[in-house]
Amino acid sequence: MALLEVHDLHTSFSTDDGLVRAVEGVSFSVDHGRVLGIVGESGCGKSVSMLSIMRLLSMRQASTSGRVMFDGVDLLEASAAEMQNLRGREIAMIFQDPMTSLNPVYRIGWQVAEAARIHDATLSKAEANKRAEAMLTAVGIPSPRERLASYPHELSGGMRQRVMIAMALINNPKLLIADEPTTALDVTTQAQILELIRTLRTDLGSAVVFITHDLGVVAELCDEVVVMYAGKVVERGGVRDVFHAPQHPYTWGLLGSLPGRNLRSKRLFSIAGSPPSLLDPPTGCRFAMRCIHVMDRCRNDEPALVSAPGDEHFVACHLAPEIRNDAANQFPGGTA
Amino acid sequence: MLRYTIRRLLWGALVILGVSLSVFVLFGPVLRARSDLSPARLYAGKNPSAAEIVQVEKNLGLDKPVMQQYGDMMYRLVLGPSDAEKKRLCPNASEDRCRELVGRLGRSYAKQRSVDLLIWDRIGATASLTMVAGVIWMSVSIPVGIISAIRPRSWFDRTTVTGVLVAQSLPVYYFGLLALYFFTYKLHLFPQGGYVKFSFSNPWPWLWHLILPATTLSLTFMALYVRIVRGGMMDAMGEDYVRTARAKGASERRTVFRHAMRNALLPVVTIFGLDLGLLLGGAILTEATFGLQGLGQLSVSAASSLDVPLTSGVVLFAAILIVVANIVVDVAYAFIDPRIRLS
């Protein structure tokens, strides 16, 4: 059985303008020690799905349904106490903005050690500090002993993200959810943080869900990939399958937008239009209004996920398989 | 840190200098430019002759050039009354007696006493009122603001928001009179007013006399502080680091009290210090309603009797308190907020 199985996850927010259906019927699974990438543009529901799984959304505004099985426990049914016990111990999470994710009034050491002490009441302050120091060393923070006494504002963004990673991994979690951990960092730091996550993952054997809108990162880091669009999964499969034989027009667009893939044209390719409003989503396929292959059927019937070439490769598109395969052949996916 | 403190102190001295100058100009030359408000005329008795007015002016030291008067005032403020001034104001008195007649802030025209001592006599009532009021409003506002913030739109929150609105729109004298009517006149629970000096052997009479006025005074501040705490706490609860705390597995209690509260209460410390400094200068309406002989009452009587040294003395004293409160708050803030310490 997979470590994390998400089945038909729905999350909606009630706003003054009406109900925003941010996530609609998302399903995927992650096995022990595997890395799943979730890609899609801003606002497609990637982060909201993860926050729903962690039950970190305010219950006052958000309502979540579906089934999220983690190691035999349905997270959506678990009690608040059970969730507290799982969060930070079995499932850890790191966030997009390291500048604001650390508490400005506490020392780094205290914050990292806190993650350990919350889940182990018998741990003494000194032991927790020792473990925090070991973690800071593991994430490559220079002179970790001195850094324990630093405040977040004394560290750079990359260093703060390392601290967040140290905090997340101190309890050796089975699953790490990384929500665009490199988006707010500059390019060289991004590479370092990615390398760090890759190494630590191999060392600890944790499964990782990696949210990003950077396909290059997915190709480098992930085993499987889920492509999301407007709150739904449009394509899902192994990284090789999705990169070598992408099946959904949206995935084609994403791959086509990568710089360096079509050097012949000077302008960078971009998908025309913008995603639909989730307040009042269109019937039929949600990508229809931006799709160059759109057919009448697309505007009325919602496509279900169907099998595509490859192992466990699925796509939600009405196009005939032959047309999809023909188009997919245009993508050599050589760098994947 | 030391440099920071020194810089704040120098800045404070500069502000006090500016205040002293504007106080001097306002109560000195500006006032005297109108003959009907001339203190010399007022204190020369009924239907004074021109010669009598000149004599009184000389006695009060108002005949000297303006710049010299300001210089004398600053000299007195920093070093105490000069020998020449002592000779003029208390020619035949002993050193001790003279100290009662004229102080660093001068000598009251109306009460013929040292302004320092007049202020000193009143500071007890005002300081007690301020302290008790401060304790009352802080111990109500912080818990109410926090509970309100973590349960937005609950009945508790709605009641609080309504209560804040009512409390902020009630004038102090109105609420004070209502309180006096019900608790003192009808129920005989509290004394009618006045101030009893604090004593360690029996602090109850002191507290008993202060409860109604302090509650009245604290009401407006309570409302304001509930709003500040509630707003700060709501903001803090939406911060990324609070989500990080939850993601670590922190309990809701730990998240609220360890992670959000400390950040939310930082600005409250600042405003509290400043408000205390402000109130120590005298709470005029509350003191008047409850017949507390504090600095507020003193400044009212000084102003209404054109007692220039006393009025400017009280104003200068209040200004110094505010400047000191500012410096204390700034330095304290540097200690409690790590982000300020190094920058």
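Note that the coordinates shown come from a computational prediction; the quantities given were computed from them, not determined experimentally. Values below: every heavy atom of this structure, side chains too, minus hydrogens, waters and symmetry copies.
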Please classify the contact of [X] with chain B as side chain, backbone, both or neither, using a heavy-atom distance under 4.5 Å.
X        : result
A/Met83  : neither
A/Leu102 : backbone
A/Leu86  : neither

Residues in residues 125-136 of chain A that sit under 4.5 Å from chain B, counting heavy atoms only
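Listed by number, there are no contacting residues, so the answer is none.
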
Is there a side-chain contact between B/Arg243 and A/Leu51, using heavy atoms and a 4.5 Å cut-off?
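The answer is yes, as the side chains (C-beta and beyond) meet within the 4.5 Å cut-off.
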
Decide if atom CZ of B/Phe156 counts as having more than 12 heavy atoms of other residues, nucleotides or ligands within a radius under 6.0 Å.
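Yes, enclosed.
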
Kindly check if the number of other-residue, nucleotide or ligand heavy atoms within 6.0 Å of CH2 (B/Trp11) is above 12?
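Count over threshold, so yes.
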
The test is side chain to side chain contact (heavy atoms under 4.5 Å, CB included); show your working for B/Thr244 and A/Asn103 and say whether it passes.
CA-CA 8 Å; B/Thr244 305; A/Asn103 196 324; over 6 Å; no

Hey, does the side chain of A/Ser101 reach the backbone of B/Tyr241 with a donor-acceptor pair shorter than 3.5 angstrom?
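Looks like no, no N/O pair under 3.5 Å.
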
Gap between atom CD1 of A/Ile118 and atom CZ of B/Arg258 - 0.5 Å precision
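Rounded to the nearest 0.5 Å, the CZ-CD1 separation comes out at 9.5 Å.
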
Determine, stepwise, if the pair A/Glu114 / B/Arg254 fulfils salt bridge (charged side-chain N to carboxylate O under 4.0 Å, His left out).
CA-CA 11 Å; A/Glu114 188 195 20; B/Arg254 191 181 179 89; 2.6 Å; yes

Can you list the residues of residues 259-281 of chain B that sit under 4.5 Å from chain A, counting heavy atoms only?
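When heavy atoms of chain A are the reference, residues 259-281 of chain B contributes B/His259, B/Arg262, B/Asn263, B/Leu266 within the under-4.5 Å range.
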
Taking all non-hydrogen atoms of both residues, which atom of [X] and which atom of [Y] are closest, and how far apart?
X        : Y        : result
A/Met167 : B/Lys248 : SD-CE, 3.1 Å
B/Ala247 : A/Met93  : CB-CB, 4.4 Å
A/Pro104 : B/Pro338 : O-CG, 3.5 Å

Assess B/Arg339 against A/Tyr151: is NZ or CZ under 6.0 Å from the centre of the six-membered ring, and within 45 degrees of the ring's axis?
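Here B/Arg339 fails the 6.0 Å and 45° test against A/Tyr151.
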
